[in-house]
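Here's the structure we're looking at; comments come further down.
Sequence lines set the chain letters: A, B, ... in the order given, protein chains first and strands last, and positions in each chain run from 1.
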Protein chains: 2
Amino acid sequence: MPEPDIFRALADPTRRAVFERLSAAELTVSDLTRGFAVSQPAISQHLSVLKGAGMVAERRQGRQAWYRAAPGALEGLEAWVTRYRSFWPERVEALKDVLKEMGE
Amino acid sequence: MPEPDIFRALADPTRRAVFERLSAAELTVSDLTRGFAVSQPAISQHLSVLKGAGMVAERRQGRQAWYRAAPGALEGLEAWVTRYRSFWPERVEALKDVLKEMGE
DNA sequence: CGAATCCATAAGTACAGACTTATGTAATGT
DNA sequence: ACATTACATAAGTCTGTACTTATGGATTCG
């Protein structure tokens, strides 16, 4: 039930790679196009899908379009994973360690 | 990098629904077929994809094949989500509450 | 034994989607 | 003003894939 669009958005490897780059930095379409072996329209189409899934945000400035990963982009996916996680108590200890680390 | 197969496996809604059922109970192919509006071969094909992604386990008994969600089925996905999560400190408090609850 | 059941695989169809080139719109540069 | 740059959309192609029916192998039942 957490928007099925996100699953479809994640299905394509190029699109995942685009998202990963946008989670590290805000980039323009041109920037992204330079980093991949596909055409600029292909990148624009991927961005459109990612945007439709609520995974990226757009900021217009002049003739440029800056894209970045949306805050909470993976929230719906996280909720789904948590719900259908199997044997999850196994991982609690590791999680506690992470939280302790962050508390320092 | 966490097996790309899992993303492809999750892309199809019917397949997600099959997985969700198998995370609640161990079921045979016939059981599953009864619960969906697709043919038995279609179910077998979905199970094959899920198995290829390491998401379900199979147990043979006579002419029946029992399927269930594999332990750690979503581990790779979880790792990916954690890595690309944006603004994740926001969720730490909620997580702490959950862990405290489990400690009781 | 033969019939029925359970499941997987084969083969074919039809649609989704990832790509291309071509083109249009809007902003910037000279 | 005209050319150039940045991006989006249109239209067409081609591959992937979700489904179907048909069939085969293996097990259980009568």
Side-chain angles (χ1 to χ4, degrees), chain A residues 1 3-22 25-70 73 77 80, chain B residues 1 3-22 25-70 73 77 80:
Chain A
M1 302 274 277
E3 319 118 88
D5 282 348
I6 194 172
F7 292 106
R8 211 177 58 83
L10 289 170
D12 182 72
T14 300
R15 201 152 48 223
R16 280 198 304 280
V18 167
F19 172 76
E20 288 170 13
R21 294 212 185 191
L22 292 177
E26 189 183 33
L27 297 171
T28 67
V29 178
S30 301
D31 293 337
L32 287 166
T33 300
R34 248 169 261 124
F36 290 93
V38 297
S39 66
Q40 171 266 314
I43 296 293
S44 281
Q45 287 159 17
H46 283 309
L47 288 168
S48 174
V49 172
L50 289 169
K51 194 177 173 186
M55 294 181 62
V56 303
E58 188 188 358
R59 178 174 65 88
R60 289 293 176 126
Q61 182 186 358
R63 58 186 169 184
Q64 319 213 35
W66 292 86
Y67 284 89
R68 64 183 175 87
L77 183 60
W80 186 88
Chain B
M1 303 268 277
E3 320 116 86
D5 283 347
I6 195 173
F7 292 106
R8 209 175 60 82
L10 289 169
D12 182 72
T14 300
R15 201 153 46 222
R16 279 199 303 279
V18 167
F19 172 75
E20 288 169 13
R21 295 215 184 187
L22 292 178
E26 189 183 34
L27 297 171
T28 67
V29 178
S30 302
D31 294 336
L32 286 165
T33 299
R34 249 169 259 124
F36 291 92
V38 297
S39 66
Q40 171 265 314
I43 296 293
S44 281
Q45 288 158 16
H46 284 310
L47 288 169
S48 174
V49 172
L50 288 169
K51 194 177 173 187
M55 294 180 63
V56 302
E58 188 188 359
R59 178 173 66 87
R60 289 293 177 126
Q61 181 184 357
R63 59 185 170 186
Q64 320 212 33
W66 292 86
Y67 284 88
R68 64 182 175 88
L77 183 60
W80 187 89

**OH on B:Y67 to CG on B:L32, rounded to 0.5 Å** = 9.5 Å
**Asked** What are the two closest heavy atoms between A:M55 and A:I6, and how far apart are they?
**Response** SD-CG1, 3.7 Å
**Prompt:** Taking only N and O in the side chain of A:H46, is any of them less than 4.0 Å away from OP1 or OP2 of C:dC19?
**Reply:** yes
**Asked** Atom CG of A:L10 to atom P of C:dA18: distance rounded to whole Å?
**Response** 12 Å
**Message:** In this structure, how many angstroms lie between the P atom of D:dT17 and the CZ atom of A:R8, rounded?
**Reply:** 14 Å
**Integer-rounded Å distance: D:dC7 C1' and A:L27 CG** = 15 Å
**Prompt:** Distance from A:I43 atom CD1 to A:D31 atom CG, nearest 0.5 Å?
**Reply:** 11.0 Å
**Closest approach of A:V56 to A:F19 (non-hydrogen atoms, all atoms of both residues)** = CG1-CD1, 4.3 Å
List every contact pair, protein side and nucleotides 3-10 of chain C side both N or O, where the distance is under 3.5 Å.
from	atom 1	to	atom 2	distance (Å)
C:dT5	O2	B:R63	NH1	2.9
C:dC6	O3'	B:R63	O	3.3
C:dC7	OP1	B:V29	N	3.4
C:dC7	OP1	B:A65	N	3.1
C:dC7	OP2	B:S30	N	2.7
C:dC7	OP2	B:S30	OG	2.2
C:dA8	OP1	B:Y67	OH	2.6
C:dA8	OP2	B:S44	OG	2.5
C:dA8	N7	B:Q40	NE2	2.9
C:dA8	N6	B:Q40	OE1	3.4

Donor-acceptor pairs are to be reported for all side-chain atoms of residues 45-52 of chain A against protein atoms at under 3.5 Å, with residues two or more places apart or in another chain.
from	atom 1	to	atom 2	distance (Å)
A:H46	ND1	A:R15	NH1	3.3
A:K51	NZ	A:E58	OE1	2.4

**d(CZ, B:F7; P, D:dT17) in whole Å** = 15 Å
**Request:** Locate the shortest heavy-atom distance separating A:A70 from A:G54; write the atom from each residue and the value.
**Result:** CB-O, 3.5 Å
**Request:** Check for a donor-acceptor pair, side chain of A:R68 on one end and backbone N or O of A:A57 on the other, with a separation under 3.5 Å.
**Result:** no
**Request:** Quick one: closest heavy-atom pair of A:T33 and A:V38, and the distance?
**Result:** CG2-O, 4.0 Å
**Message:** Side-chain N or O of A:S39 versus OP1/OP2 of C:dC19: is the shortest distance under 4.0 Å?
**Reply:** no
**Message:** How many whole angstroms separate atom CG of B:L32 from atom P of D:dC19?
**Reply:** 13 Å
**Item:** Relative orientation of the end axes in the helix from C:dC1-D:dG30 to C:dT30-D:dA1, expressed as an angle to the nearest 10° (five pairs per end)
**Value:** 10°
**Request:** Nearest-nucleotide wise, let me know which of A:G62 and A:D12 is further upstream toward the 5' end of DNA chain C.
**Result:** A:D12
**Item:** Approximate separation, where rounding is to 0.5 Å, of A:W80 CH2 and A:F7 CZ
**Value:** 5.0 Å
